[in-house]
Amino acid sequence: MKIGFLGLGKMGTAMALRLLAAGHELSVWNRTEGRTEPLAREGAIVAGTPAEAELGADAVITMLFDDHAHEEVLFGSNGLMEALTPSTLHISCSTISVALSERLTAEHARRGIPFVAAPVFGRPNVAEEGRLWIVMAGADAAMAKARPVLTPLSRGISVVGSEPRQAHALKLGGNFLISAMIHSLGESFV
């Protein structure tokens with residue numbers, strides 16, 4: 001499958017390398033240009049803009065830092081949203097706000113573009129091993145198309161609903177529980 005991948009931090013790079021190893025054709029883009037070099041050495045095509053990473057892709061994965069990065073990369077100059085077509089699935093693996101997830105869902109629906117939320121649980125070393133836990137939500141047909149893209153990245157995929165915001169809300173709740181546990185352990189040791 002031909003995949004565009006936007007966002008090559010530690011997690012994104014590990015995920016993109018797994019997709020290359022699984023035999024997918026990858027076009028990659030990152031705001032910091034040097035982050036694309038390890039993937040180019042492994043055979044990925046380096047795109048000049050977010051829109052260029054979509055050209056001819058069956059799916060585009062975003063693994064960006066935060067809501068602000070999504071605004072810039074999806075809606076900014078040469079942004080992804082203007083390039084997406086109804087034949088291209090957008091998979092959001094990032095941890096983003098429920099409000100942004102709702103905005104993206106509405107924007108994709110308005111344009112007739114399939115959209116799936118698939119935020120991931122795990123650290124970069126877990127991503128390197130293809131053992132992330134993924135929570136996924138979206139329309140059934142879109143999730144069916146996303147599953148073979150996400151399988152090489154994960155040890156499990158939990159479908160949590162038909163609205164992408166449901167997966168993003170669950171991810172935020174999970175992060176909150178992890179933070180509360182770390183804080184509680186710190187307090188108990190003190």
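Below, each value reflects all heavy atoms present in this structure, side chains not excepted, and no hydrogens, waters or symmetry copies.
- Under the 4.5 Å side-chain heavy-atom criterion for ILVMFWY residues, no single connected hydrophobic cluster contains both Val160 and Ile134.
- Within the 4.5 Å cutoff, no side-chain heavy atoms of Thr85 are placed close to those of Arg111.
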Step-by-step side-chain contact (heavy atoms from CB on, under 4.5 Å) determination, Arg18 to Leu132: CA-CA 11 Å; Arg18 290 289 305 176; Leu132 294 170; over 6 Å; no
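- Partner of Ile61 under the side chain to side chain contact (heavy atoms under 4.5 Å, CB included) criterion, chosen from Val116, Leu6, Ile91: Ile91.
- Relative ring orientation between Phe115 and His90 is described as tilted, the plane-to-plane angle lying within the 30° to 60° band.
- Side-chain atoms of Phe75 and Arg103, non-hydrogen and from C-beta on, do get closer than 4.5 Å to each other.
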May I have the step-by-step check of side-chain contact (heavy atoms from CB on, under 4.5 Å) for Leu177 and Met181, ending in yes or no? CA-CA 6 Å; Leu177 289 174; Met181 182 180 68; over 6 Å; no
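- Closest heavy-atom contact between Ala142 and Leu89: O-CD2, 3.7 Å.
- The environment of Phe121 atom CZ is dense: over 12 non-hydrogen atoms of other residues, nucleotides or ligands sit within 6.0 angstrom.
- Residue Trp29 comes nearest to Ala53 through the heavy atom pair CB-CB, 4.3 Å, listed as atom of the first residue, atom of the second, then distance.
- Across Glu163, Lys171, His168, a single residue satisfies side chain to side chain donor-acceptor pair (under 3.5 Å) together with Ser101, and that is His168.
- For the pair Leu80/Thr49, no side-chain contact is recorded, criterion being any heavy-atom separation below 4.5 Å from C-beta on.
- Of the possible polar contacts, one joining the Glu52 side chain to the Gly48 backbone as a donor-acceptor pair under 3.5 Å is found.
- When all heavy atoms of Pro86 and Ile113 are compared, the closest pair comes out as N-CG1, 4.2 Å.
- In the hydrophobic cluster analysis, where Ile, Leu, Val, Met, Phe, Trp and Tyr join through side-chain heavy atoms closer than 4.5 angstrom, Leu172 is grouped apart from Met11.
- Although no hydrogens or angles enter the test, the distance criterion places a donor-acceptor pair under 3.5 Å between the side chain of Thr13 and the main chain of Leu8.
- In terms of heavy-atom proximity, Lys2 sits nearest to Gly56 at CD-O, 3.4 Å.
- The distance from atom CG of Asn125 to atom CZ of Arg131, rounded to the nearest 0.5 Å, is 9.0 Å.
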Dump the intermediate steps for side-chain contact (heavy atoms from CB on, under 4.5 Å) on Glu128 and Leu17, then the final yes or no. CA-CA 8 Å; Glu128 288 171 5; Leu17 287 169; over 6 Å; no
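- Residues Glu107 and Met81 meet the side-chain proximity criterion, which asks for heavy atoms closer than 4.5 Å.
- Leu64 CG to His70 NE2: the interatomic distance, rounded to the nearest 0.5 Å, is 4.5 Å.
- Between atom CD of residue Glu102 and atom CD1 of residue Ile96 there is a gap of 10.0 Å, rounded to the nearest 0.5 Å.
- When the side chains of ILVMFWY residues are joined at heavy-atom separations under 4.5 Å, either directly or via intervening members, Leu20 and Leu153 end up in a single hydrophobic cluster.
- Between Ile3 and Asp58 there is no side-chain heavy-atom pair separated by less than 4.5 Å.
- In this structure, Glu71 and Leu100 have side chains that are in contact, with non-hydrogen atoms separated by less than 4.5 Å.
- For the atom pair CG (Leu150) and CD1 (Ile157), the distance works out to 5.0 Å, reported to the nearest 0.5 Å.
- Rounding to the nearest 0.5 Å places CZ of Phe5 at 15.5 Å from CD1 of Ile45.
- You'll find the side chain of Leu74 reaches within 4.5 Å of the side chain of Leu104, heavy atoms only.
- Closest heavy-atom contact between Ser27 and Ala47: OG-CB, 3.8 Å.
- By the 4.0 Å N-to-carboxylate-O rule, Arg155 lies too far from Glu129 to be salt-bridged with it.
- Residues Leu26 and Ala16 approach most closely at CD2-O, 3.4 Å, considering heavy atoms.
- A distance of 9.5 Å separates CG of Leu39 from CG of Leu19, quoted to the nearest 0.5 Å.
- For the pair Met15 and Val120, the minimum side-chain heavy-atom distance is below 4.5 Å.
- Under the 4.5 Å side-chain contact rule for hydrophobic residues, Val28 and Met63 share a cluster.
- In this structure Arg35 satisfies the salt bridge (Lys or Arg N to Asp or Glu O under 4.0 Å) test with no other residue, sequence neighbours excluded.
- Side-chain N/O atoms of Thr36 and Asn30 include no donor and acceptor closer than 3.5 Å.
- Side chains of Glu54 and Thr88: a donor-acceptor N/O pair is present below 3.5 angstrom, by distance only.
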Apply side-chain hydrogen bond (donor to acceptor under 3.5 Å, both in side chains) to Ser154 and Trp133, showing your working. CA-CA 6 Å; Ser154 67; Trp133 194 269; over 6 Å; no
